[in-house]
Amino acid sequence: GYDCVLLDLNLPDASGSACVQALREAQRSVPIVVMTGLDDDRSAADALRCGAQEYLVKGHFNERALARVIGYAIERQAVLMHMDQERSKSGALLAQDSLTGLPNRYKFEQATREQLRLCARREERFALALFDLDGFRAINERYGYATGDAVLQEVAGVLARGLRAGDMVARIGGDEFAVLLADTPDFGIAQMLAQRLADGVRMLGSVRGRPLQLGLNCGVALYPEQGASVESLFLAAEAAQAQARRGARSEVRVNTAVADALVRGYARAKAP
């Protein structure tokens, strides 16, 4: 490894600020100090914009000044790297549900938008499934919120373990979870995958020694039949989920053409 790069921008193979950019892309953590001619302030400014920490004018510094500038560059780069790490940590926390460790709604919607772009290019299908817990309120009322939180953590684990490669689960609020089912070619596959997740949750007989009678209400929407945007897919899945709540415990409903009128009703109700 290197402590610092000292780069003369006037050398034939330096390529001016483009060389600074190439060095920065190759090794982001190493500070760069550039040297320019007396009348070449523009090159120095360009180099600083491309990621150099300091610059020197050739013929106008001694050994002591050089050592001082290199020291400043190393310190400044260390501060910048620390700030980047803190921003990365903050970004990870903002995209994560603090209770379950799952992605939150913001992260899930980002992933769904990316899946939409991918499937549009490849002309493929995927499904969006929404789950809420049937019987969760009774658990909070009977055993308290600490047990309720433990149940949410257990459910999150069951859902995460039931996913295939490429799928994603998120907690989007309260006792609500969302699942992105990648590579889902038709309604039958979507319903089978969602039912398998719901059955896994239903098998949870107890948490912390407390007996459970827990199920999931699930609504599923398929891209592109039920929507070509994150908002329309959520709307279609919510409509199917509303039908599931009126059915049997742990029922999974797939939004097909039968639910289109209900979707339109939801859209009118949510319109400003």
Side-chain angles (χ1 to χ4, degrees), residues 92-119 124-137 148-149 151-184 187 189-202 204 214-245 247 250-256 259 262-263 266-267 270:
L93 290 173
L94 288 172
Q96 187 180 61
D97 174 55
S98 59
L99 177 64
T100 63
L102 295 178
N104 60 16
R105 184 173 186 129
Y106 171 75
K107 183 67 174 179
F108 184 82
E109 290 182 353
Q110 282 187 319
T112 305
R113 287 191 180 89
E114 182 58 34
Q115 188 70 26
L116 281 165
R117 287 191 287 268
L118 182 66
C119 287
E124 295 177 348
R125 288 182 172 89
F126 74 94
L128 188 152
L130 297 180
F131 296 87
D132 64 30
L133 297 182
D134 187 6
F136 182 69
R137 179 179 295 179
D149 287 348
V151 168
L152 292 174
Q153 291 169 337
E154 288 289 333
V155 170
V158 169
L159 294 175
R161 290 190 294 272
L163 300 181
R164 306 163 300 163
D167 295 345
M168 177 183 184
V169 61
R171 182 185 176 215
I172 58 174
D175 64 345
E176 296 177 292
F177 297 84
V179 176
L180 183 64
L181 296 167
D183 190 19
T184 304
F187 291 108
I189 297 295
Q191 186 165 22
M192 179 194 71
L193 293 171
Q195 187 67 61
R196 187 174 67 185
L197 294 172
D199 290 344
V201 172
R202 187 169 51 85
L204 278 174
L214 196 64
L216 283 180
N217 301 309
C218 176
V220 183
L222 192 69
Y223 168 87
E225 282 81 356
Q226 268 71 60
S229 68
V230 175
E231 292 76 15
S232 59
L233 286 170
F234 261 96
L235 193 63
E238 286 170 1
Q241 190 180 35
Q243 292 180 324
R245 291 193 191 101
S250 293
E251 186 172 10
V252 173
R253 286 293 184 98
V254 177
N255 189 329
T256 61
L262 185 55
V263 173
Y266 269 58
K270 291 189 175 185

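In terms of heavy-atom proximity, Arg164 sits nearest to Asp183 at NH1-O, 3.5 Å. Across all non-hydrogen atoms, the minimal contact from Ala111 to Leu180 is O-CD2, 4.2 Å. The minimum heavy-atom distance between Ala198 and Leu216, with the atom names listed, is CA-CD1, 3.7 Å. Across Ala178 and Leu130, no two heavy atoms sit closer than the pair CB-CD2, 3.7 Å. Nearest heavy atoms, Ala127 versus Val220: CB-CG1, 4.0 Å. Pairing each heavy atom of Ala244 with each of Cys218, the nearest pair is CB-O, 3.5 Å.
Side chain of Asp167 to main chain of Ala182: a donor-acceptor pair is present (N/O by atom type, distance under 3.5 Å, no hydrogens or angles).
One distance of note links CG of Asn217 with CG of Asp132; it measures 4.5 Å at 0.5 Å rounding. Of the inter-residue distances, the one linking Leu181 atom CG with Ile189 atom CD1 reads 11.0 Å to the nearest 0.5 angstrom. Rounded to the nearest 0.5 Å, atoms CZ (Arg202) and CD (Gln195) are 7.5 Å apart. Taken to the nearest 0.5 Å, the CZ atom of Arg171 stands 5.0 Å off from the CG atom of Leu152. Note that CG of Leu159 is 6.0 Å distant from CZ of Phe131, once rounded to the nearest 0.5 Å. The distance from atom CD of Gln110 to atom CG of Asn104, rounded to the nearest 0.5 Å, is 9.0 Å.
The ring-ring contact (aromatic ring centres under 6.0 Å, His included) contacts involving residues 157-184 comprise nothing, where partners must be two or more places apart or lie in separate chains. Residue pairs meeting the salt bridge (Lys or Arg N to Asp or Glu O under 4.0 Å) criterion with at least one member in residues 101-114, sequence neighbours excluded, are Arg105-Glu109, Arg113-Glu231, Glu114-Arg117.
Using a cut-off of 4.0 Å between Lys/Arg side-chain N and Asp/Glu carboxylate O, Asp175 and Arg137 are scored as not salt-bridged. The existence of a salt bridge linking Asp199 and Arg196 is excluded, since no basic side-chain nitrogen approaches an acidic carboxylate oxygen closer than 4.0 Å.
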What verdict does the side chain to side chain contact (heavy atoms under 4.5 Å, CB included) test give for Leu197 and Val169, after you've listed the backbone C-alpha separation in whole Å, the side-chain angles of each residue and the deciding distance to 0.1 Å? CA-CA 11 Å; Leu197 294 172; Val169 61; over 6 Å; no
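Glu176 is linked by a salt bridge (charged side-chain N to carboxylate O under 4.0 Å, His left out) to nothing, counting only residues two or more places apart in sequence or in another chain. For the side chain to side chain contact (heavy atoms under 4.5 Å, CB included) test, residues two or more places apart in sequence or in another chain that qualify with Arg161 are Val158. The ring-ring contact (aromatic ring centres under 6.0 Å, His included) test applied to Tyr223 returns Phe126, not counting sequence neighbours. Judged as a side chain to side chain contact (heavy atoms under 4.5 Å, CB included), and not counting sequence neighbours, the contacts of Gln191 are Val252, Val254.
Here the side chains of Pro103 and Gln96 are not in contact, with every heavy-atom distance at 4.5 Å or above.
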